[in-house]
Amino acid sequence: MFHALVAVKQVPDTTNIRIDPETGNLVREGVPAIMNPYDAHALAEAIRWKRQLGGKVTVVSMGPPNFVVTIREAIEMGADRGVLVSDRKFAGADTLATSYVLAETIQAIHEEDPIDVVFFGKQAIDGDTAQVGPGVAVRMGLPIVTYVVKIRELDLERRRIVAERKTERWTEVIELPLPALLTCEKEIAEIPFAPLPDLIRSLRYDPEMWTMSGPLEFDKGQVGVRGSPTIVFKMGTPPLPEAGEKIDAREVGVAEAVKQTFAKADAAGILDTVLGGAR
Amino acid sequence: MTTRRFWAFIEQEEGHAHPVSWELLGVIRRLASQVREEAEAAGDEVVVEGVLLGHNVGHIAQEALCYGADRVYLLDDPVFTHYRNRPYYKTLEEVAQKHEPEVFLIGATTLGRDLAGAVATALRTGLTADCTQLEMGEVKGSPQKLLLATRPAFGGNIMATILCRQNRPQMSSVRPRVFPMPERNPHPQGEIVREAVSVTEEDALSRILEFVRPEGESVNIEYADVIVAGGRGLGTAEGFGLLQQLADALGGVVGASRPCIDAGWIGNAHQVGQSGQTVRPKLYIVAGVSGALQHKVGMQNSDFIVAINTDPDAPIFDVADVGIVGDLYEVIPAMLEQLAARRKARGSGGGHQEVSA
């Protein structure tokens, strides 16, 4: 039987984030919270293999209690078990403290019910760090492949997985022993429509809540702000660059606007260099 | 006297250095110079060092000296023939524990991002991803200057400056093209130190079965000199055909903003911005992009930016050297016409030798 574990995170839909022009603060109101899209695709792949091989999918998330919504969404997609690791003491965790909590949690689940593959999204769209997956792999001593676009083979008997990983240069085909950790690109799987029974089950599903008081014993010094070597020193809006000249083609005409633009580029010595290079 | 070591990871594949390695050496030299005064006052020494892993890559170590390293630690072994996470991170963990660098920068390439998170976790230290500004600065309560690592957060809407007070090294990853290429010194002074390699093939826990090279044209927008980029304002995927014509006329490549990728109009290799590539071309022509910060952070370091948009208040005009308020479907054909006229005037008749990637 196949056992996949998928780590999921709830994120604000960053495509909708705006800055209040008066205060320079982040406007969070009305910004929808979604399951990190890369995690959703990784989960879809885990579920696809579960349906093929038989077995189960466990999802784990670290975050505030409202992350329950994201776990339910995972159940709706076809996950079997959800664990939400949540405690006020985890707040303010950087990637090192986050990888500690997730690795401890996943390790505990693994010891009671051995995991074959741990799935992560390649990164979360709110932080874009791509650091937590590799961090968990290091802490658990698991072999890792990042930026996975396809699982070619998953052989539970011979205990091996063959994955394709896309880099700037090529696609690497890598073989790893199981258990292994994968961080996934969106191409890995399409998100399926939820079957009705899963949909109904998800409505009533209450994930297991793991906290500082149990069932696991977390080291206080390694979680939250205390366990985070990095701190935010300051925040600000990006500096505004000096705007250049604007030419209105509706006033001067398109041909003239282009002519003036090219003259500016010539004056900056740009166009000659570029055209010289093109020939 | 202690030695304060400033490290850059020298990335290579198949015996070719990634240019981001030299960009990192340029940055790390500047950071080292920012603590020199403080170090001299304390009787400390400051050195700029590169770390290089690979097989038969002595020539790259030499090149790293040319780009500003005082010393290069070379770990040359067949186990490093191709990049793999475990042998690389375990080795870097070991050499970092041995030499105790104060600052350690890694390029935020696919390879570097795979590696950096693993190394930082193994060393139990802080890592700030995709920094766009790096300074050594004074921080209250710290006897020495600390690395102030600034990065875009929340899709580029906020700049956050991160620091790592206690743990060492202070690590950051830096995207290619965010910092300029330093001058190359053909007669460098530095030294190459060969370090013993303890990691073995058995430790790797992975085997690369094959490499599939991309078929047909592959696009490399990161190091392109000219980029013609489009956004949602193109209206359709077909709009990229027109951009491609202009890119061809200028010997450039086509870029795109995130909505075009999300809409499936063009592949994500073309994406410029916070969740795509950072670029630094000589000429960046951008049409139909309103100018979300997400996009701007990826292209604002271009030498010369021309923006085309129908909305005179589009934020993209704030970063442009020249902005044309107008319809891209009229402006770009006019550009093509005037470029063709220039070619003719130069008498370069058969100017059809486009540069292929």
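The model shown is predicted, which means the values in this text are computed figures rather than measured ones. In the text below, chain A, chain B and the rest are named by the order of the sequence lines, each starting its count at 1.
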If we only count heavy atoms from C-beta on, is the [X] to [Y] side-chain gap below 4.5 Å?
X        : Y        : answer
B:Val212 : A:Val173 : yes
A:Glu168 : B:Thr109 : yes
A:Ile247 : B:Val322 : yes
A:Asp266 : B:Arg342 : yes
A:Ile174 : B:His82  : no
A:Arg152 : B:Leu209 : no
A:Leu271 : B:Leu283 : yes

Using the ring of each side chain (for Trp, its six-membered ring), is A:Trp170 parallel, tilted or perpendicular to B:Phe211, with breaks at 30° and 60°?
tilted
Which value, rounded to the nearest 0.5 Å, describes the distance between [X] atom [atom1] and [Y] atom [atom2]?
X        : Y        : atom1 : atom2 : result
A:Arg250 : B:Thr310 : CZ    : OG1   : 8.0 Å
A:Ile270 : B:Asp303 : CD1   : CG    : 5.0 Å
B:Leu147 : A:Phe233 : CG    : CZ    : 11.5 Å
B:Glu210 : A:Glu175 : CD    : CD    : 12.0 Å

Could you tell me whether the side chain of [X] and the main chain of [Y] form a donor-acceptor pair under 3.5 Å?
X        : Y        : answer
A:Glu172 : B:Ile208 : no
A:Lys246 : B:Val325 : no
B:Gln166 : A:Pro229 : no

Among residues 114-124 of chain B, residues within the sub-4.5 Å heavy-atom range of chain A, in order of number, are B:Asp114, B:Gly117, B:Ala118, B:Ala120, B:Thr121, B:Ala122, B:Arg124
Scanning both residues in full, the closest heavy-atom pair of A:Gly141 with B:Leu205 reads O-CD1, 4.5 Å
Report, as yes or no, whether the 6.0 Å neighbourhood of atom [atom1] on [X] holds more than 12 heavy atoms from other residues, nucleotides or ligands.
X        : atom1 : answer
B:Glu138 : CD    : no
B:Arg207 : CZ    : no
A:Glu190 : CD    : no

Side chain, backbone, both or neither: which part of [X] has a non-hydrogen atom closer than 4.5 Å to chain B?
X        : result
A:Lys166 : backbone
A:Ser99  : side chain
A:Ala268 : side chain
A:Val252 : neither
A:Glu251 : neither
A:Phe262 : both

Tell me, side chain or backbone of [X] under 4.5 Å from chain A's heavy atoms, or both, or neither?
X        : answer
B:Leu148 : side chain
B:Arg86  : side chain
B:Val331 : both
B:Thr125 : backbone

Would you mind telling me which of [options] has the largest number of heavy-atom pairs within less than 4.5 Å of chain B?
options                                : result
A:Leu96, A:Val132, A:Leu176            : A:Leu96
A:Val258, A:Thr261, A:Ile144           : A:Val258
A:Ile231, A:Val254, A:Thr129           : A:Ile231
A:Met235, A:Arg160, A:Lys264, A:Arg169 : A:Arg169

Sort out for me which of [options] touches chain A most, counting heavy-atom pairs under 4.5 Å.
options                             : result
B:Lys282, B:Glu330, B:Glu13         : B:Glu13
B:Arg165, B:Arg151, B:Glu222        : B:Arg151
B:Gly323, B:Pro312, B:Ala307        : B:Gly323
B:Lys90, B:Glu93, B:Arg113, B:Arg84 : B:Arg113

Determine whether B:Asn85 and A:Thr146 satisfy the following criterion, side chain to side chain contact (heavy atoms under 4.5 Å, CB included), listing intermediate values before the conclusion.
CA-CA 9 Å; B:Asn85 181 274; A:Thr146 53; 5.7 Å; no
